[in-house]
There are 2 protein chains.
Amino acid sequence: MDMRRLVGRNVRRIRLEVGLTQEAFAEKSGFSQQYLSSLERGRRNPTIVTLFELATALGVSHVALVAPDDETAAAAPLRRGGRSGTTRNRP
Amino acid sequence: MDMRRLVGRNVRRIRLEVGLTQEAFAEKSGFSQQYLSSLERGRRNPTIVTLFELATALGVSHVALVAPDDETAAAAPLRRGGRSGTTRNRP
DNA sequence: TGAGTTTATCACCTATAGTGTGTATCGGCG
DNA sequence: CGCCGATACACACTATAGGTGATAAACTCA
């Protein structure tokens, strides 16, 4: 299991659900937009403290950021669940 | 919430439940006994990849190592549940 | 008491987490 | 087309995570 990718996917998904841009998220969390970018793309290996701070800024439990997603067991051809377009947040 | 302490407590608790010494755990996980010692005492800030490797060596999900424990909400005076002595594992 | 086992602490080193600065790419819109 | 908002990429830099080795407690038991 690639933890970097897992956390990256969770962070991005939740950030979009909350309706934040990387920039706005950077503002709230205190991390740089560049860091968040590479983090979401699974290139980074954050510490647990970082994980907690990210979760707090997103308003979710830190457990949510390490929660396994369906993709792991995936290879499933049928894509369940909506939210395909994510609508590229418009305030 | 102090993530270092939280993870440290979880690791120690599970390691003891599994019945491993720090030394044996070090052997299985590939980390040094010294590192595991400081980790369990909340002095270390492990990365998510480290977290996953620790969980794997313990035979549990990585989520178990970041799971919040009762101690947080604690200040509860009454100690429920047995297992007080931990019996200092005898194989 | 003293040997054996387990855990804690100290000194030290290398690899990398995370920053700052700057730039590149991409989509949409006037 | 050029501009703008949003994301990706690159690099030098500092603080610290990860790791080793030696050793000091701390506890167990013959």
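Sequence lines set the chain letters: A, B, ... in the order given, protein chains first and strands last, and positions in each chain run from 1. Quick caveat, the model's predicted, so the values are computed rather than measured.
Here the nucleotide nearest the side chain of A:Arg15, chosen from D:dG18, C:dT7, D:dT7, is D:dT7. In the set D:dT7, D:dG18, C:dT7, the nucleotide with an atom closest to the side chain of B:Pro46 is D:dG18. When the nucleotides D:dA22, D:dG19, C:dA17 are ranked by their closest atom to the side chain of B:Phe31, D:dG19 comes out on top. When distances are taken from the side chain of B:Arg44 to each of D:dG18, C:dT19, D:dA8, the shortest belongs to D:dG18.
At distances below 3.5 Å, not a single donor-acceptor pair connects side-chain atoms of A:Asn45 with backbone N or O atoms of B:Thr47.
Taking atom CG on B:Leu16 and atom P on C:dT7, their separation rounds to 7 Å, with Å as the unit. Taking atom CZ of A:Arg4 as the reference point, atom P of D:dA17 lies 16 Å away to the nearest angstrom. The distance from atom CZ of B:Phe25 to atom C1' of C:dT7 is 15 Å, rounded to the nearest whole Å. What separates CZ of A:Arg43 from C1' of C:dT16 is a distance of 16 Å, to the nearest Å. Going from atom CD1 of A:Ile48 over to atom P of D:dA17 covers 10 Å, rounded to whole Å. In this structure, B:Gln33 atom CD and C:dC10 atom P are separated by 15 Å, rounded to whole Å. Across the protein-nucleic acid pair, B:Leu51 atom CG and D:dG18 atom P stand 10 Å apart, rounded to whole Å. Straight-line distance from the CD atom of B:Glu27 to the P atom of C:dT7: 14 Å, rounded to whole Å.
The side chain of B:Arg12 contributes an N or O atom lying less than 4.0 Å from OP1 or OP2 of C:dA8. Regarding contacts with the backbone of D:dG19, every side-chain N or O of B:Tyr35 stays at 4.0 angstrom or more from both OP1 and OP2. For D:dA8, one of the phosphate oxygens OP1 or OP2 lies less than 4.0 angstrom from a side-chain nitrogen or oxygen of A:Gln22.
Residue contacts for B:Thr50: at a heavy-atom cut-off of 4.0 Å it reaches the sugar-phosphate backbone alone, with no base atom in range. Residue B:Gly30 is out of contact with every strand shown, counting any heavy-atom pair closer than 4.0 Å.
B:Leu65 and B:Ala55 make their closest contact through CD1-N, 3.6 Å (heavy atoms, listed as atom of the first residue, atom of the second, distance).
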Evaluate the side chain to side chain donor-acceptor pair (under 3.5 Å) criterion for residues B:Gln33 and B:Gln22: first the C-alpha distance (whole Å), next the side-chain angles of each, then the deciding distance (0.1 Å), finally the verdict. CA-CA 6 Å; B:Gln33 178 267 320; B:Gln22 286 183 352; 2.9 Å; yes

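The line from CG of A:Leu51 to CE of A:Met3 is 8.0 Å long, rounded to the nearest 0.5 Å.
The base of C:dT21 is paired with the side chain of A:Gln34 by a donor and an acceptor separated by under 3.5 Å.
Residue whose closest nucleotide on DNA chain C sits further toward the 5' end, between B:Thr47 and B:Ser37: B:Ser37.
Scanning for salt bridge (charged side-chain N to carboxylate O under 4.0 Å, His left out) contacts around A:Arg44 gives an empty result, with sequence neighbours left out.
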